[in-house]
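Naming convention: chains lettered A, B, ... in sequence-line order (proteins, then strands); numbering from 1 in each chain.
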Protein chains: 2
Amino acid sequence: MDTRSTILAAAEPLFDRHGYTATGMDRLTAAAGLSSRTLYKHAGSKAALMAAVLAEREGRFMQRIEVASVDALFAALDDWVREEGSRGCLFLRTQGETGGDTPEIAAVVTAHKQAFRARIAEIVAAELGGSGDASLAEQILVLFEGATAAAVYRGPAAVAAARAAAATLVAGARR
Amino acid sequence: MDTRSTILAAAEPLFDRHGYTATGMDRLTAAAGLSSRTLYKHAGSKAALMAAVLAEREGRFMQRIEVASVDALFAALDDWVREEGSRGCLFLRTQGETGGDTPEIAAVVTAHKQAFRARIAEIVAAELGGSGDASLAEQILVLFEGATAAAVYRGPAAVAAARAAAATLVAGARR
DNA sequence: CCCAATGTAAAACGATCGTTTTACATTTCA
DNA sequence: TGAAATGTAAAACGATCGTTTTACATTGGG
């Protein structure tokens, strides 16, 4: 594994579990097994490192939701939550921590949410056929975000509830 | 207004907009117009101050959702978002920032979410009559959390979508 | 065989962190 | 009126923040 991947793999769980601001560079360098100078050479800055972690996470996440149905979308979230735990959306948490004041972070968050929303619209369109239903897509988006957020304190039950609700809404939109 | 209220009123928007960790005590004292010693006398510590802010916020929030129908619940959220803006649930954001490692904060977050969930169960029970529908209540909870989270980047449209979805689910549960 | 270049470790940078202490007004009561 | 007490402002605390610099190995080419 190359240095950059080592850095990102070490940084992601730290940022995820302790937050962006509360995670110091010394903890990041220790986890990566590198000197701070090496880490800065590859990452540029703490904000850039966070942005890179988010970009890598987006790739992994978007791959997970390459599905063809709404039910499969929530099944994928169920898998994600069971494998990675549920501490809420890292993108939104980081955006909240920085107040949107860190351009590199704000940019990757905005890009991710845009791509995420487009992906859901595609899935809904595939499910319903035709041009798709914009308001149903927004409802599915809200259910997905809600499952992610509520899973923090409700666990997988929140995902199950969202999945059932989505099924009802899709069935309603079909007829 | 007494000193404690002054402190909380000054601290809440700072924590809300810049996050818990990124908001320094000097900014808090400056906003409250007090010396750090006075602030510490009344608040105890930064974590205790954050916990007090959350406790006060819970009172305000829970008062807002003293409603008798699911639709009124989302109408209340719509008001909240338009008046206070949408930066996501402060309780979950703070819990995320601290990783659950700050007992005073974790306690107030847990208590709030428990009360919040109970309140939704009551509303659903009032709407449906009888003992209530546990799985519908969980779905409404997820929609509420989802609207709160998605409103960060979708604005009031997320609340509207959640409201419409909730209406569909409630109507389905009625028959 | 030496020199330039590359990569790392670790010390050091000023700044700021949350918190405590010191110093000084003002007030309260005997 | 004088002494104890209260409340505040501001300096100072050690610790840690993100980042840069210094010092030192190791390596590749002329």
Among [options], the nucleotide that comes nearest once only the side chain of [X] is considered:
{"X": "B/Ser36", "options": "D/dA11, C/dT8, D/dT19", "value": "D/dA11"}
{"X": "A/Met25", "options": "D/dT19, C/dT19, D/dG7", "value": "D/dT19"}
{"X": "A/Lys46", "options": "D/dT19, C/dT19, C/dT8", "value": "D/dT19"}

Q) Quick one: is B/Thr38 getting a side-chain N or O under 4.0 Å of the D/dT8 phosphate, OP1 or OP2? A) yes
Q) Between A/Phe116 and A/Phe144, does a ring-ring contact (aromatic ring centres under 6.0 Å, His included) hold up when you go through it step by step? A) CA-CA 10 Å; A/Phe116 172 56; A/Phe144 197 98; 5.1 Å; yes
Measure the distance from [atom1] on [X] to [atom2] on [N] and round it to the nearest whole Å.
{"X": "A/Leu49", "N": "D/dT19", "atom1": "CG", "atom2": "C1'", "result": "14 Å"}
{"X": "A/Asp26", "N": "C/dT16", "atom1": "CG", "atom2": "P", "result": "19 Å"}
{"X": "A/Glu104", "N": "D/dG18", "atom1": "CD", "atom2": "C1'", "result": "13 Å"}
{"X": "A/Leu39", "N": "D/dT20", "atom1": "CG", "atom2": "P", "result": "12 Å"}
{"X": "A/Tyr40", "N": "C/dA11", "atom1": "OH", "atom2": "C1'", "result": "15 Å"}
{"X": "A/Lys41", "N": "D/dT21", "atom1": "NZ", "atom2": "C1'", "result": "13 Å"}
{"X": "B/Leu14", "N": "C/dC17", "atom1": "CG", "atom2": "C1'", "result": "16 Å"}

**Q.** Salt-bridge criterion met for A/Arg64 and A/Glu83 (N-O under 4.0 Å)
**A.** yes
Q. Would you call B/Glu12 and B/Arg60 a salt bridge, using N to O less than 4.0 angstrom?
A. yes
Q: Could you tell me how the ring of A/Trp80 sits relative to the ring of A/Phe61: parallel (under 30°), tilted (30 to 60°) or perpendicular (over 60°)?
A: perpendicular
Q. Does the pair B/Arg174 and B/Glu127 meet the rule for a salt bridge (Lys or Arg N to Asp or Glu O under 4.0 Å), with working shown?
A. CA-CA 9 Å; B/Arg174 270 239 178 70; B/Glu127 177 107 33; 2.9 Å; yes
Q.
Once you apply a heavy-atom cut-off of 4.0 Å, does A/Thr29 come out as touching a base, just sugar-phosphate, or nothing?
A. nothing
Q: Identify, between A/Gly44 and A/Arg27, the residue whose nearest nucleotide on DNA chain D lies closer to the 5' end.
A: A/Arg27
Q. Looking only at N and O atoms, is any donor in the side chain of A/Arg37 or the base of D/dT22 less than 3.5 Å from an acceptor on the other one?
A. yes
